[in-house]
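First comes the structure, then the notes that go with it.
The analysis underlying the following values was restricted to heavy atoms, covering all of them including side chains, and did not include hydrogens, waters or symmetry mates. In what follows, chains carry the letters A, B, and so on, assigned in the order in which the sequence lines appear, proteins first and then strands, with residues in each chain numbered from 1. This is a predicted model, so every value here is computed, not measured.
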Amino acid sequence: MRRIIEELVSGIVRQLQAEGLFPEGVLPAYKVERPRDKSHGDFSTNAAMVLTRFAKIRPRDLAEKMLAMLPADQKLVDRWEVAGPGFINFHLAKERIRQMVPDILQAGKQYGESNFGAGRRVQVEFVSANPTGPMHVGHGRGAVMGDAIASLFSVTGHTVEREYYINDAGAQVGVLGRSVLLRYRELFGHAITMPEGCYPAAYVIEIAKSLRERDGERWLGDSEQLGGDPPAEVVRFAMEQILGWIRSELATINIHFDSWFSEQTLHSQGKIEQVIEQLTQKGLIYEGVLEPPKGKLPEDWESRPQLLFKSTEYGDTVDRPLKKSDGSATYFAADIAYHLDKAQRGFDQLIDIWGADHGGYVKRVKAALQALTGQKNLLDVELVQMVNLVRGGVPVKMSKRDGTFVTLKEVVEEVGSDAVRFIFLTRSGGASLDFDLQLAVSKSNDNPVYYVQYAHARIHAVFRQAEQKGIGVEQGELSRLETEDELNLIRQLGSYPELLEAAAINREPHRVPYYLVELASTFHTYYNSHRILDEADVPLSGARLLLISAVRQVLFNGLNVLGVSAPEKM
RNA sequence: GCGCUCGUAGCUCAACAGGAUAGAGCAACGGCCUUCUAAGCCGUAGGUUACAGGUUCGAUUCCUGUCGAGCGCACCA
């Protein structure tokens with residue numbers, strides 16, 4: 001809908017440019033948008049104000065001039081005016097507004113989708129929690145954000161892939177294996193002591209038990225000498241079990257990945273050495289000594305020459321090491337290889353969802369990717385801020401050590417997937433979030449999931465009534481929808497496709513829940529002030545059924561994008 | 001010390017790529033169920049958008065600085 005108005009305006013601007021009022025070439029961007037204030041019409045444009053400088057006319061005069069050029073013979077707009085400092089406001093014809101109702105119903109589940117991103121392949125990588133333990137709530141937030149962003153790209157016409165990067169290489173994997181072996185040994189009656197840094201938690205015992213169940217005493221010999229690396233098969237066994245848990249936990253909050261990418265394969269296939277070689281050829285690798293960081297020094301800091309990548313040439317603050325002191329690759333080196341691999345898979349856009357604690361990595365990864373591909377904006381990293389668990393306003397203590405650690409699973413079991421997802425998505429990712437378990441289960445307005453779902457269920461209830469009374473949509477006369485309340489409700493439905501597009505472009509899923517809450521609110525108000533079913537006026541009742549059916553469709557579609565259910569009864 | 005993310009009503013948060021009078025919910029107070037789901041609706045109150053400059057027709061939004069919060073700062077992930 002907005003597109004049509006945009007074309008109307010741009011046609012006039014081009015014409016004025018041809019007449020020599022504006023200079024040749026590119027003009028500054030003006031906008032066509034939906035005004036906040038309803039009295040300002042359905043759409044408005046700031047074109048006259050933006051272009052006033054070039055026309056050397058005052059904004060309002062220019063607006064008047066433009067307004068006179070609008071074609072008179074169309075059925076879209078029935079009134080337009082110049083307002084305020086020079087806005088041009090468009091008021092759509094009522095006929096055109098009403099027409100959106102059947103349009104929406106016809107589009108059904110597809111309503112709101114666009115081909116905005118047609119032909120573009122986008123990959124969203126998210127969660128990527130280490131397979132060394134259960135997921136916590138912070139992972140959950142990243143998971144839900146990533147999933148919703150992926151959905152937004154999908155409904156706006158992009159081809160989307162969801163990928164999970166498995167950090168199955170590096171020291172922590174060995175620690176996991178050793179921890180499992182220790183618990184395994186314990187199961188056979190041997191006394192053990194958990195060394196510093198190992199994972200003592202209950203889930204490790206569970207893994208040890210299933211290892212014993214499968215392999216019996218097979219690893220007892222290995223469990224005696226724990227100085228070296230644990231057997232690869234034990235490590236793999238442990239990680240597969242944990243990944244299985246992660247997978248099923250993600251499934252309980254409605255998240256499914258298309259692709260699971262193993263970091264280990266980068267090492268085993270020599271991808272990391274290859275990428276270092278490529279960077280070397282570009283002259284971006286050197287052996288050097290880093291300045292010690294200012295502020296508090298790490299205790300074991302020692303100055304030593306390292307293999308460094310010149311990330312400073314791409315905006316980073318210092319150059320970054322690629323090799324550890326023992327000669328193995330750093331996490332960063334693997335990450336470069338990983339991102340290059342993603343780029344080579346032919347995506348037009350890569351999106352990473354990271355926890356805020358990884359924020360310091362953004363510049364160096366983007367730097368490396370730019371150096372390798374020459375593309376500056378291939379990768380977008382969305383940082384998701386921390387989640388503070390709270391119960392009734394009191395912080396919930398969390399510590400991995402004492403096992404007072406609240407897992408994502410526990411939270412989902414307590415408050416339900418819908419509430420978890422909705423609450424996570426009703427905040428912009430940039431803001432840290434207090435997740436109150438008490439509020440999350442409360443069925444009040446504190447908890448907008450229920451507010452939106454209730455509107456949806458309510459509409460279903462009306463339809464159940466309508467069936468009993470023998471009133472159906474086919475008896476409705478659309479033209480009977482004439483109150484401002486009704487037209488405003490339709491207008492709101494009409495903006496849904498634009499909302500999805502804006503949310504996708506800005507990677508801001510939180511706009512969707514906010515929209516749904518507003519739509520639900522408009523509906524509830526309408527419901528309370530208008531009788532929908534009136535046996536004495538079936539054409540009107542049918543028309544109103546058509547209207548709320550369209551509302552129901554949009555609520556359903558919106559909840560679906562968020563991965564939240566739309567119940568028919570509550 | 002440096003970098004990133006922030007700072008909006010008493011609380012939790014919005015403000016749609018710079019737009020017109022900064023909006024919701026909660027908490028407080030007062031109303032609405034013999035009629036389609038009261039998990040709902042209506043009303044009252046609440047603000048120097050942390051602070052100071054700048055850019056322009058116009059700034060919560062962009063730039064600079066100050067103050068404050070969170071996260072990070074060789075070799076872990």
Checklist line | Rounded distance (Å) that lies between atom P of A74(B) and atom NZ of Lys310(A) | finding: 22 Å
Next item on the list: Have a look at Asp319(A) and say if it touches a base, only the backbone sugar-phosphate, or nothing, with a 4.0 Å heavy-atom cut-off.
Entry: nothing
Check: Between Phe87(A) (CZ) and A20(B) (C1'), how many Å, whole number?
Finding: 5 Å
Notebook entry, point to check: Looking for any heavy atom pair under 4.0 Å, which part of the strands does His460(A) touch: base, sugar-phosphate only, or nothing?
Noted result: nothing
Checklist line | Within residues 532-548 of chain A or reaching into it, pairs that qualify as side chain to side chain donor-acceptor pair (under 3.5 Å) - sequence neighbours excluded | finding: Arg480(A)-Asp537(A), Glu486(A)-Arg544(A), Tyr526(A)-Arg544(A)
Next item on the list: Write down the partner of A17(B) under the Watson-Crick or G-U wobble criteria, each distance required to be under 3.5 Å.
Entry: none
Notebook entry, point to check: How would you label the contact of Asn46(A) with the nucleic acid (heavy atoms, under 4.0 Å): base, sugar-phosphate, or nothing?
Noted result: base
Item checked: Mate of G40(B) where both pairing distances stay under 3.5 Å, Watson-Crick or G-U -> C32(B)
Note to self: Classify the ring geometry of Tyr338(A) against Tyr165(A): parallel below 30°, tilted from 30° to 60°, perpendicular beyond 60°.
What the structure shows: parallel
Checklist line | Output field: ring centroids Phe261(A)/Tyr164(A) closer than 6.0 Å | finding: no
Check: Touch check for Tyr361(A), heavy atoms < 4.0 angstrom, all strands: base, sugar-phosphate only, or nothing?
Finding: base
Notebook entry, point to check: Between Ile351(A) and Phe126(A), is any pair of side-chain heavy atoms under 4.5 Å apart?
Noted result: no
Notebook entry, point to check: Tyr527(A) near the nucleic acid: base, sugar-phosphate alone, or nothing, with a heavy-atom cut-off under 4.0 Å?
Noted result: base
Margin query: If stacking means aromatic ring centre less than 5.5 angstrom from the base's six-membered ring centre, planes under 30°, is His40(A) stacked on A20(B)?
Written below: yes
Next item on the list: May I have the distance from Asp37(A) (atom CG) to A15(B) (atom P), rounded to whole angstrom?
Entry: 19 Å
Notebook entry, point to check: Do the two ring centres, one from Phe424(A) and one from Phe435(A), sit under 6.0 Å apart?
Noted result: yes
Item checked: Strand partner of G10(B), provided both Watson-Crick or wobble distances fall under 3.5 Å -> C26(B)
Item checked: Nucleotide paired to U61(B) in any strand shown, Watson-Crick or G-U, under 3.5 Å -> none
Checklist line | Base A77(B) to side chain Tyr165(A), donor-acceptor N/O within 3.5 Å cut-off | finding: no
Next item on the list: For Arg320(A), report the nucleic acid contact type (base, sugar-phosphate, nothing); a contact means any heavy atom under 4.0 Å.
Entry: nothing
Check: Is the glycosidic angle of C33(B) within 90° of 0, making it syn, or outside that range, making it anti?
Finding: syn
Next item on the list: Using Watson-Crick or G-U wobble geometry with both distances below 3.5 Å, tell me the partner of U5(B), or none.
Entry: A69(B)
